[in-house]
Amino acid sequence: FTYLSFAINFHFSQLDPLGYHLTNIAIHLLFGTACFFFFQTLWRTPAGVQTPLSENEKAYIAFAASTLICVHPMSVFAVSYLVQRLASLTALLFISSLVFYLNARLSPDRSIKLVLFTLFIFLMMGALFTKQNAFTIFPSLLLIEVTCFPLSRKKINAFLLICAGLLVAFGIIAASDTIDLNEIRKMTIETRSIGRLEYLLAQFSVICFYLYQLFIPNQLAIDYANPANPNVILPGIILLIIIAGALLCLRREKFRLAGFGILFYFITISIESSVIPIRDLLFIHRTYLPNAGMIFSLLILGYMGAKQIKIPLFIVPIITILVVIVLSVSTWKINTIFKSPIAVWRQVIEHSPRHARGYSHVGSIYIKKGFYNSAQEYIAKALELQPAMSHSLNNLGIVYYRKKDYKKAIEIFNKIIKNNPRDQHAHMSLGNAYALSKQYDLALQSYKKGYQIDQNNFENLVNIGQLI
């Protein structure tokens, strides 16, 4: 669905970013609206009805939570960062499908139930075909049934029967060699540079960082260096306390939806923050969907806490408005950084001063602007931090051939290819260096090797065509 939406954008806007940004903003606003209806529908479930708040108070919490979701600066990285429409569109389809599911569960009319369930299935399939984290919709549905509706013996038996059936089916398929278990393992490992347990333990501090930014968003950036030797014990204790608090909330009728929201956060972040190793340990856009549950819970707990200690309730909306204003200003400031690619990556360096990729990207931008000495300075820093980084080495080679030092450029590109013979960018850059130094036969060889590695690289085809 995401790539279809990009294709539609391209049809109407070509490479003009305005159309893409407007689409992302529209998706974001629709997501905020969907969250409002989701929260309002949760209030209509048995767990919501048991919450001792008036209808106006419940509507206020739903509206305030959806507003905070819309204006929170953490959302910028799924909206202004265009390609992360993957995260925002998935979240929109995910929450919208849950709205239809809940309404179907609550509707007494069978014909209306059928229509609503059909819409639920359609939107759920849309989410599943948009991004992998949408698969958390299945445990989310189980969470809804366990927390928002009475847990009957019939429901427990049905759940156990489904689990047993899935286990038996999986066992039969595995035993009959219909599926290759090694292929499944490969599908759940994005990188082998970190083990499953190591990745899971590292996520303790990552999730604590996400939660900290939810309250004090002062270290937001488009990219981060992976934490070196992340603390495990203290973050683990913090997360254990939060989850224990959520379970305690579930035991008290008036706090059940607060417990639901916290557990919803951990479930929806689990694909990217559990035992599936991913090359980059943290990205802020991964919190786009989970934050909805946590913000809803915080609003419930905050409002009911204010009532408990008898704070005048007219103060609560004032505090909410002030928070919305502060977050809106922060969001606006972060959005201004997206006007300049150099500002984006300098912000990365500011928050992760030992992140080689940040320096390498600043170097790339300076190359495009023709500031080769500045580019070389940043690339040298990137290589100091990560000497074997092919992106930085490739950029350094480009700097040398742009400065007409073809011998050094060719030497660097050959070094990259020696380490990774299938680096098609290095083959193309080597071809460019040979062509500029008028060694056309060698240039043609390099372009052809690059084309053999990636036949979809049309720039290589153009280069070949120009030499022939």
Side-chain angles (χ1 to χ4, degrees), residues 1 27 29-51 53 55 58-59 61-63 65-66 69 88-166 250 253 256-268 270-271 288-290 292-293 295-297 300:
F1 276 86
I27 290 169
L29 293 175
L30 287 171
F31 174 65
T33 305
C35 285
F36 173 75
F37 286 111
F38 178 52
F39 302 147
Q40 281 288 77
T41 311
L42 284 172
W43 290 127
R44 292 170 45 218
T45 64
V49 171
Q50 291 169 350
T51 307
L53 295 172
E55 292 302 311
K58 291 174 180 178
I61 291 173
F63 179 75
S66 55
I69 290 164
S88 59
L89 185 57
T90 301
L92 171 60
L93 294 168
F94 189 109
I95 292 294
S96 298
S97 69
L98 292 183
V99 171
F100 283 109
Y101 177 82
L102 284 168
N103 277 288
R105 287 283 281 110
L106 294 167
S107 175
D109 190 306
R110 287 192 175 185
S111 58
I112 294 175
K113 262 186 193 293
L114 180 61
V115 172
L116 292 172
F117 267 122
T118 302
L119 290 169
F120 155 67
I121 295 294
F122 174 76
L123 290 168
M124 180 183 72
M125 294 304 295
L128 293 174
F129 281 97
T130 302
K131 199 178 181 204
Q132 297 92 328
N133 67 329
F135 280 86
T136 58
I137 196 166
F138 299 110
S140 296
L141 290 171
L142 178 61
L143 179 67
I144 286 173
E145 289 297 330
V146 170
T147 59
C148 299
F149 296 94
L151 195 60
S152 64
R153 173 61 61 182
K154 182 179 177 181
K155 189 184 292 185
I156 293 170
N157 291 338
F159 172 70
L160 293 174
L161 185 63
I162 291 169
C163 288
L166 289 173
L250 294 183
E253 290 182 350
R256 284 183 74 83
L257 286 188
F260 164 83
I262 295 169
L263 295 179
F264 179 88
Y265 178 91
F266 285 100
I267 286 172
T268 51
S270 62
I271 293 286
Y288 186 77
L289 172 61
I295 288 173
F296 182 55
S297 292
I300 294 172

Contacts table for residues 258-268: side-chain donor-acceptor under 3.5 angstrom, sequence neighbours left out:
from : atom 1 : to   : atom 2 : distance (Å)
T268 : OG1    : F264 : O      : 2.7
T268 : OG1    : Y265 : O      : 3.3

* Asked: Are the side chain of S297 and the backbone of G293 linked by a donor-acceptor contact shorter than 3.5 Å?
  -> yes
* **T118: side chain to side chain contact (heavy atoms under 4.5 Å, CB included) partners, not counting sequence neighbours** => L114
* Asked: What residues form a side chain to side chain contact (heavy atoms under 4.5 Å, CB included) with A62, not counting sequence neighbours?
  -> F36, F39, Q40, W43
* Structure fact -> Rounding to 0.5 Å, atoms CD1 (I61) and CD1 (I295) come to a distance of 14.0 Å
* Structure fact -> Here the side-chain hydrogen bond (donor to acceptor under 3.5 Å, both in side chains) pairs for residues 129-141, sequence neighbours left out, are K131-E272
* Structure fact -> Taking every heavy atom of L257 against every heavy atom of G48, the minimum-distance pair comes out as CD1-CA, 3.7 Å
* Asked: Residues two or more places apart in sequence or in another chain: which of them pass side chain to side chain contact (heavy atoms under 4.5 Å, CB included) with L29?
  -> I25
* Start with the C-alpha gap between E145 and Y101, add the side-chain angles, then the distance that decides, and say whether side chain to side chain contact (heavy atoms under 4.5 Å, CB included) holds. => CA-CA 11 Å; E145 289 297 330; Y101 177 82; 2.5 Å; yes
* Exceeds 12 heavy-atom contacts within 6.0 angstrom, atom CZ of F63 -> no
* Can you name the ring pair (Phe, Tyr, Trp, His ring centres under 6.0 Å) partners of F100, sequence neighbours left out? -> none
* To do: Can you sort out the partners of R256 under salt bridge (Lys or Arg N to Asp or Glu O under 4.0 Å), two or more places apart, ordered by chain and number?
  => none
* Below 6.0 angstrom between ring centroids: does that apply to F31 and Y288? -> yes
* To do: Taking all non-hydrogen atoms of both residues into account, name the closest pair between C35 and A292 and its distance.
  => SG-CB, 4.0 Å
* Asked: Which residue pairs satisfy the salt bridge (Lys or Arg N to Asp or Glu O under 4.0 Å) criterion with at least one member in residues 33-47, sequence neighbours excluded?
  -> none
* Kindly indicate, with the supporting measurements, whether the criterion side chain to side chain contact (heavy atoms under 4.5 Å, CB included) is fulfilled by F120 and N103. => CA-CA 10 Å; F120 155 67; N103 277 288; over 6 Å; no
* To do: Give a yes or no answer on whether the side chain of T45 reaches the backbone of T41 with a donor-acceptor pair at less than 3.5 Å.
  => no
With a cut-off of 3.5 Å and sequence neighbours excluded, list every side-chain donor-acceptor pair involving residues 88-98.
from : atom 1 : to  : atom 2 : distance (Å)
S88  : OG     : A78 : O      : 3.4
S88  : OG     : R85 : O      : 3.4
T90  : OG1    : L86 : O      : 2.5
S96  : OG     : L92 : O      : 2.7
S97  : OG     : L93 : O      : 3.3
S97  : OG     : F94 : O      : 2.6

* **With F122 via side chain to side chain contact (heavy atoms under 4.5 Å, CB included) - residues at least two apart** => none
* Is E253 atom CD crowded by more than 12 heavy atoms from other residues, nucleotides or ligands, each under 6.0 Å away? -> no
* Structure fact -> The reported gap from CD in E55 to NZ in K58 (rounded to nearest 0.5 angstrom) is 5.0 Å
* To do: Measure the spacing between CE of M124 and CG of L119 and express it to the nearest 0.5 Å.
  => 12.5 Å
* **With F149 via ring pair (Phe, Tyr, Trp, His ring centres under 6.0 Å) - residues at least two apart** => none
* To do: Specify the closest pair of heavy atoms between S66 and G32, including all atoms of both residues, with the distance to one decimal.
  => CB-O, 3.3 Å
